[in-house]
Amino acid sequence: MKKTVAIDGPAGAGKSTIAKLVAEKLGYIYIDTGAMYRAVAWKVLDTGAGTTDEAIIRTAEKLHVSLRFVGDNVRVFADDTDVTEKIRTPEVTALVSQVAQLGPVREKMVELQRGMAKDGGVVMDGRDIGTVIIPDAELKLFLTASPEVRAKRRFLELEEKGTPQPYEDVLADIIKRDKADSEREIAPLKPADDSIVFVNDEYDLEQTICYVLGLIDAVEHFYGREN
Ligand code: CDP
């Protein structure tokens with residue numbers, strides 16, 4: 001049986017970079033669950049039907065979100081529209097936590113994500129992967145750092161992508177989303193009881209990667225390398 005790896009944590013903690021690398025090392029598929037919530041938020045803005053909870057739920061009910069391979073790359077689709085790049089705008093980022101706290105939206109995503117994880121061979125990152133989606137994952141990691149350090153990383157990332165934003169705005173978004181994600185009623189952001197929490201303020205990406213790859217080796221040793 002192929003294993004599953006769950007990586008949770010707040011924005012800017014390095015989840016997606018680590019998850020991609022771990023997936024590559026194990027030959028598993030990387031699943032970015034945040035992208036799925038972002039696809040719903042994108043559709044809400046695209047339809048222009050408003051951002052009340054009722055309007056969001058109606059839009060989400062009709063929408064089919066999927067992750068599809070295009071060549072070697074996993075792309076995000078909202079119905080048949082490829083939204084992989086469109087879901088990274090500040091407008092989508094500002095709306096996504098409101099979308100993600102709605103019960104009917106989460107129910108739909110939970111079902112889809114559990115379906116994707118059921119045969120193993122996946123590394124999933126998000127907010128509720130170790131607590132709700134795959135609580136029996138062989139490795140559960142919770143990556144975090146202070147809001148200031150995470151905002152600095154996000155700020156540099158956005159600058160590098162050619163979509164710069166003022167540091168103060170990035171920090172404000174991170175603080176706002178941290179609060180919304182950890183205080184919501186359904187599936188709040190928190191480490192699973194049996195997760196390994198790694199606070200990486202003092203570690204750069206390379207050191208975090210070394211730490212996590214060490215854990216992967218330990219998991220392979222413990223459960224066997226055989227898929
Ligand atoms: O990449 P970033 O850390 O900015 O966030 P993301 O992983 O793209 O997730 C965007 C938002 O989706 C989060 O702030 C959460 O509100 C929500 N989310 C969630 O509720 N549950 C997940 N499993 C993944 C994301």
Side-chain angles (χ1 to χ4, degrees), residues 4-20 30-45 51 53 56 60 65 67 74 76 78 83-117 122-135 137 140-145 147 149-158 161 163 165 169-192 195 200 205 208:
T4 49
V5 178
I7 304 184
D8 289 303
K15 297 183 306 289
S16 64
T17 312
I18 299 291
K20 268 183 221 154
Y30 163 53
I31 297 173
D32 174 359
T33 63
M36 300 170 71
Y37 289 96
R38 284 173 177 272
V40 179
W42 173 83
K43 185 70 184 182
V44 168
L45 294 172
T51 55
D53 289 353
I56 294 172
V65 175
L67 302 180
V74 177
V76 189
V83 293
T84 313
E85 280 81 30
K86 299 184 208 293
I87 59 174
R88 302 290 162 192
T89 62
E91 293 75 21
V92 169
T93 303
L95 182 65
V96 66
S97 286
Q98 183 192 340
V99 167
Q101 66 188 0
L102 299 172
V105 176
R106 295 207 77 82
E107 278 161 30
K108 200 165 166 177
M109 294 300 142
V110 167
E111 198 186 327
L112 274 172
Q113 291 161 10
R114 285 200 180 134
M116 290 171 176
V122 297
V123 180
M124 272 193 174
D125 81 355
R127 303 293 189 282
D128 60 342
I129 310 306
T131 50
V132 175
I133 308 295
I134 36 175
K140 289 190 234 175
L141 262 176
F142 191 88
L143 289 183
T144 188
V149 167
R150 290 186 282 116
K152 175 114 185 287
R153 290 178 188 158
R154 238 334 117 82
F155 169 77
L156 294 173
E157 213 176 277
L158 289 164
K161 264 183 22 193
T163 52
Q165 273 178 53
D169 290 3
V170 179
L171 178 62
D173 163 67
I174 280 191
I175 292 173
K176 197 169 162 219
R177 275 203 290 149
D178 281 359
K179 187 168 157 57
D181 291 348
S182 35
E183 290 181 0
R184 70 181 176 218
E185 263 169 50
I186 314 168
L189 168 67
K190 61 168 188 202
S195 66
N200 62 22
L205 195 58
T208 305

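The basis for the numbers below is simple: all heavy atoms, side chains too, and nothing from hydrogens, waters or symmetry mates. Each ligand, and each atom within it, is numbered from 1 in the order the structure gives.
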S.K.: Roughly how far, to the nearest 0.5 Å, is CG of Leu171 from CZ of Arg154?
M.R.: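 Going from CZ on Arg154 over to CG on Leu171, the span is 12.5 Å.
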S.K.: Hydrogens and angles aside, do Tyr37 and Arg127 bring a side-chain donor and acceptor to less than 3.5 Å of each other?
M.R.: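 No donor-acceptor contact under 3.5 Å links the two side chains.
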S.K.: Going by atom type alone, with no hydrogens or angles, which donor-acceptor pairs under 3.5 Å involve a side-chain atom of residues 94-101 and a protein atom two or more places apart or on another chain?
M.R.:
from, atom 1, to, atom 2, distance (Å)
Ser97, OG, Asp181, OD1, 2.9
Gln98, NE2, Thr51, O, 2.9
Gln98, NE2, Asp53, OD1, 3.1

S.K.: Looking only at the side chains, is there a donor atom on one of Arg150 and Asn200 sitting less than 3.5 Å from an acceptor on the other?
M.R.: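 The criterion, which ignores hydrogens and geometry beyond distance, is not satisfied for Asn200 and Arg150.
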S.K.: Residue by residue, ordered by chain and number, which ones reach under 4.0 Å of ligand 1 with a heavy atom?
M.R.: Ala11, Lys15, Thr33, Gly34, Tyr37, Arg38, Arg88, Val96, Ser97, Ala100, Arg106, Gly126, Arg127, Asp128, Ile129, Arg154, Arg177, Asp181, Arg184
S.K.: Are Ile133 and Thr33 close enough that some pair of their side-chain heavy atoms sits under 4.5 Å apart?
M.R.: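 Ile133 does not reach Thr33 side chain to side chain.
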S.K.: For the atom pair CD1 (Ile87) and CE (Met36), what is the distance rounded to the nearest 0.5 Å?
M.R.: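 Taking CD1 in Ile87 and CE in Met36, the distance rounds to 10.5 Å.
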